[in-house]
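Values below: all heavy atoms of this structure, side chains included; hydrogens, waters and symmetry mates excluded. What you see is a predicted model, and the numbers here were worked out from it, not measured in a lab.
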Amino acid sequence: MVDDQGQPQGPLLSFPSSHSPSMVSWRSLLAVLPLVGAAYAQTSQVCDTSLNMCFENYDEPLQGAKIGFLFPPCNTANEFIGQWTVPISAKWYGLTLGPGMNRNLLVVAWPNGNTIVHSLRMSPTYGLPGVITGPTITTISSSVTATQWKWTFRCQGCTSWNFENTPGAIVQDGQSVFGWALSTNAVTNAASSSSSFGIHTSTNLWSHNIANAHSSSYPYTSNCPSTGTTTRSTSTSTTTVPTVSATPYDYIVVGAGPAGLVVADRLSEAGKKVLLIEKGGPSTWETGGRDQPPWLAGTQLTRFDTPGLFEAMFSSSNPYWWCKDIQVFAGCLLGGGASINGMLYFYPPDSEFGIDQGWPAGWQTPTTAINKLETKLPSTDTPSPDGIRYLDQVYDVVKTLLNSKGYSPATINSNRNWKDSVYGHPAYNFVGGKRSGPLTYLRSSKTRSNFKLMTYTNVIGLVRNGATITGVRTNDTSYGGNGIVPLTANGRVILSAGAFGSSRILFQSGIGPSDMINLVKNDATYGPNVPPQANWINLPVGYNVADNPSVNLVFTHPSVDSYDNWQPIWNDPRPADAAQYRNSQTGVFAGSSPRINFWKAYSGPDNKTRYMQGTARPGAASITTSQSYNATQIFTITIYLSQGITSRGRIGIDATMRGVPLVGPWLQDSNDKAVLLTGINDILGSISAVPNLKLITPDLTQTTVTDYVNNYGLSSMNSNHWVGSCRIGTSSATSVVDVNTKVWNTTNLFVVDASTIPSQPMSNIYASIMVVAEHAVARILALAGGA
């Protein structure tokens, strides 16, 4: 079959599912595979003489596994032969045949004695993948030694698939993205192909050249025509790529996310010649994006324009918007994280910028910056333009719960400094029922002749002359013949690539801890551009990282509509809601999924104040319970710790240059955990105040709140609100940038994004990032010596 775009579709696959009671925690299993870090891999042909087969092989550098493919001679083959060589330390190994876990075909295998047990699986969401029927695997050979296990197999019906009307396929005539995952922990029942298993301990994506994996000596009869073979060009002609002249700029801003868009707009507004570089491509219709669900075809509304499609960001079979070189979720497209997040938009309180929160003098009470942001991006807590709040049952239930605890209602952004025992409807900056956000800044930037935007361009380092940056190095070698974009005589570079992205660019430019710079130095691609060691700048890049620890509590209530757990919203939404949004941009799809937010201050055992934030929404991503429940009535309260947390971690890169957490920042300080437990128990202590309210996760008939938190898994607490890796401060010993966000020991390099923020903000960090950008760009423009 082919779809209406001419793309191959696979057979419809059978996947078991139910809402019966389960003791399986989706969050704690392979479900949370963050397969969003990819690398274009060097592959080579490796022949197995014992089988008389040659494979296009990928040597995975992190764990030492080898993954080979052999395909029939045509580009429309419906099968392949795979060969894995896996370190014996891996108790199970998994391969996703598409660019991510969700709705893509998964091959999972593990040793059981001297044999290999295997299964084909799929998952509609980040949940435990279920065993499927349809495609088949046949073992060709296997072996288990003291150091490795090796498995060669034939996978029939495995090159394309269609799961719940979501097609996927291996790209057979070029680069196809795959993902691997392994765990050093054994599966539950090694003898059973349907065994459950725990979360991976390592994972990554890579891009494999399948065009080179086809062979006319494929040993089995396939669906390829008898005369059909792939052909490879033997032409000796070359294609000349035109060289673009290297225009110098007063300011080069790297990253078109919430910070970079603000900074570039204000700089161009001031008359500076500005280049904004973005690694990804368009998002909303206005920026050139055209990714639409079927029910919005014929409109100018994309996945990124439509607020109510937020939950579908995590269930696509081709999530191209995620950064492919960062292990955690991050957006690589115009708007960055603000084009794919839930758009919760809370003006930060003055306390967030206190000296006690790590901010240097001069940053307290950034009223001017907040006023600028509010003028540019007003907030609303009625996202549907008709003024009606839809699907509001969760608000009513949680409001009753909070009222019993002495909380008060408020319009949250009307008093940004009130964040203790307060709740309200979520604040957003949607406009006309569509996502708005920092792309509003891009709209005004693009009206100016002194502004230029480059997309699909990766900055791989800075060109340094000692302490001075003279340009940025990109992967686009057509630019100037070498990919280098130069600065004017007094030009400046501002990194706004996020906590992971900005840190990596610094490592690749000889700035940061020596262990990270040495990883870059040893890389064949990036190493030659690293400055001599005498010019390395030792700064704590990647340290002091914070992120909200978050825990989900799942309830049911008869009044709640779980909205089908948001599962059908892409392909088959409720007809009336789809028609309403399509016709007038009003209704359920005019807003994101959260329905209520609340805050409370707690004093920890160390007498320091920490704030708890809560967010509630219909549906649930994770359920662990032995109780029966009505899946149409579920909702989730997520409890976060925010301003005041003292736990810190470290991020960095691995040998593939992928951004990774090195030390998780969640609950490293026992005082943080104590406050988190206090906050959760405080909320759960009032369940009886709401008739018919039922807690199903944690299941307190089987566990305690303390054990639930202790067993939650720290990485599962990730909220993707990463801050602090290039923290602001007053000393190069403890910070990366100074009070003006200039990188210590450089003359013209700045960092302005979430990484600059020295401690966890009060709320979701989206608005805080833009306030920081507004304040920082004003300080940068006021500095003497710039262009």
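Of the possible donor and acceptor atoms, one in the side chain of D654 sits under 3.5 Å from a partner among the backbone N and O of T656. Between the side chain of R504 and the backbone N or O of G652 there is no donor-acceptor pair closer than 3.5 Å. Counting only distance, with no hydrogens or angles, the side chain of N565 and the backbone of Q567 share no donor-acceptor pair below 3.5 Å. A donor-acceptor pair under 3.5 Å links the side-chain atoms of D547 to the main chain of S719, judged by distance alone. A donor-acceptor distance shorter than 3.5 angstrom exists from the side chain of R103 to the backbone of S315, with no hydrogens or angles considered. Distance alone, capped at 3.5 Å, places no donor-acceptor pair between the D564 side chain and the W566 backbone. The backbone N or O of S217 sits less than 3.5 Å from a side-chain atom of S215, completing a donor-acceptor pair. At distances below 3.5 Å, at least one donor-acceptor pair connects side-chain atoms of T115 with backbone N or O atoms of N112. For T203 (side chain) and A181 (main-chain N/O), no donor-acceptor pair under 3.5 Å exists by modelled atom type. Checking side-chain atoms of Q633 against main-chain N and O of A631 turns up no donor-acceptor pair under 3.5 Å.
In this structure, S593 and E311 have side chains that are in contact, with non-hydrogen atoms separated by less than 4.5 Å. For the pair F500 and V660, the minimum side-chain heavy-atom distance is 4.5 Å or more. For the pair L106 and L95, the minimum side-chain heavy-atom distance is 4.5 Å or more. Residues M53 and I140 meet the side-chain proximity criterion, which asks for heavy atoms closer than 4.5 Å. Taking 4.5 Å as the limit, every side-chain heavy atom of R617 sits out of range of all side-chain heavy atoms of F635. In this structure, F69 and H208 have side chains that are in contact, with non-hydrogen atoms separated by less than 4.5 Å. Inter-residue side-chain proximity for V709 and I680 is flagged as met; some heavy-atom pair is nearer than 4.5 Å. You'll find the side chain of T701 reaches within 4.5 Å of the side chain of S626, heavy atoms only.
Closest approach of L70 to C54, counting heavy atoms only: CD1-O, 3.4 Å. Considering every non-hydrogen atom in both P72 and H214, the closest pair reads O-ND1, 2.6 Å. Across all their heavy atoms, N718 and V328 have their closest contact at ND2-CG1, 3.9 Å. Contact between I651 and S503 at its shortest, heavy atoms only, is CD1-OG, 4.1 Å. The nearest pair of heavy atoms linking W180 to S202 is CH2-OG, 3.2 Å. Nearest heavy atoms, Q63 versus P87: O-CG, 3.1 Å.
Remark: I639 CD1 to L677 CG distance equals 11.5 Å, nearest 0.5 Å. Considering CD of Q83 and CG of D48, their distance stands at 4.5 Å, rounded to 0.5 Å. In this structure, W92 CH2 and L182 CG are separated by 7.0 Å, a value rounded to the nearest 0.5 Å. Between F55 atom CZ and C47 atom SG the span is 9.0 Å, to the nearest 0.5 Å. With values rounded to the nearest 0.5 angstrom, T697 atom OG1 is found 9.0 Å from N552 atom CG. Expressed to the nearest 0.5 Å, how far CG of D291 lies from CG of L309 amounts to 9.5 Å.
Figure legend: cation-pi geometry between R303 and W570, with NZ or CZ positioned under 6.0 Å from the six-membered ring centre and within 45° of its axis. Both tests do not hold together for R154 against F80: distance to the six-membered ring centre under 6.0 Å, angle to the ring axis within 45°.
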Verdict with supporting geometry, Y708 and D699, side-chain hydrogen bond (donor to acceptor under 3.5 Å, both in side chains): CA-CA 9 Å; Y708 177 65; D699 183 351; over 6 Å; no
Pair R658-D325, salt bridge (charged side-chain N to carboxylate O under 4.0 Å, His left out): steps then yes or no: CA-CA 5 Å; R658 178 180 61 158; D325 52 6; over 6 Å; no
side-chain hydrogen bond (donor to acceptor under 3.5 Å, both in side chains) between D672 and S647, worked out: CA-CA 7 Å; D672 286 344; S647 297; 2.6 Å; yes
Chi angles and distances behind the side chain to side chain contact (heavy atoms under 4.5 Å, CB included) call for Y629, I634: CA-CA 8 Å; Y629 64 93; I634 57 175; 3.9 Å; yes
Working for side-chain hydrogen bond (donor to acceptor under 3.5 Å, both in side chains), residues N720 and W722: CA-CA 5 Å; N720 276 306; W722 301 86; 3.1 Å; yes
Derivation of the side chain to side chain contact (heavy atoms under 4.5 Å, CB included) call for Q668 and V663: CA-CA 9 Å; Q668 295 286 344; V663 178; 3.9 Å; yes
Side chain to side chain contact (heavy atoms under 4.5 Å, CB included) between M657 and T525, intermediate numbers included: CA-CA 10 Å; M657 301 297 103; T525 301; over 6 Å; no
Side chain to side chain contact (heavy atoms under 4.5 Å, CB included) assessment of R650 paired with V545: CA-CA 5 Å; R650 183 189 180 193; V545 170; 5.7 Å; no
Check against ring-ring contact (aromatic ring centres under 6.0 Å, His included), Y58 and F178: CA-CA 11 Å; Y58 169 54; F178 300 90; 9.6 Å; no
Evaluation steps, side-chain hydrogen bond (donor to acceptor under 3.5 Å, both in side chains), between S89 and T184: CA-CA 6 Å; S89 59; T184 55; over 6 Å; no
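Classified by interplanar angle (parallel below 30°, tilted 30° to 60°, perpendicular above 60°), the ring pair Y218/Y220 is perpendicular.
For W84, the ring pair (Phe, Tyr, Trp, His ring centres under 6.0 Å) partners at least two apart in sequence or on another chain are Y93, W151, F153. A search for side chain to side chain contact (heavy atoms under 4.5 Å, CB included) contacts involving S143 returns K150, not counting sequence neighbours.
Side-chain contact, H721 with N548: a donor N or O sits under 3.5 Å from an acceptor N or O. T706 and T704 share no side-chain donor-acceptor pair at under 3.5 Å.
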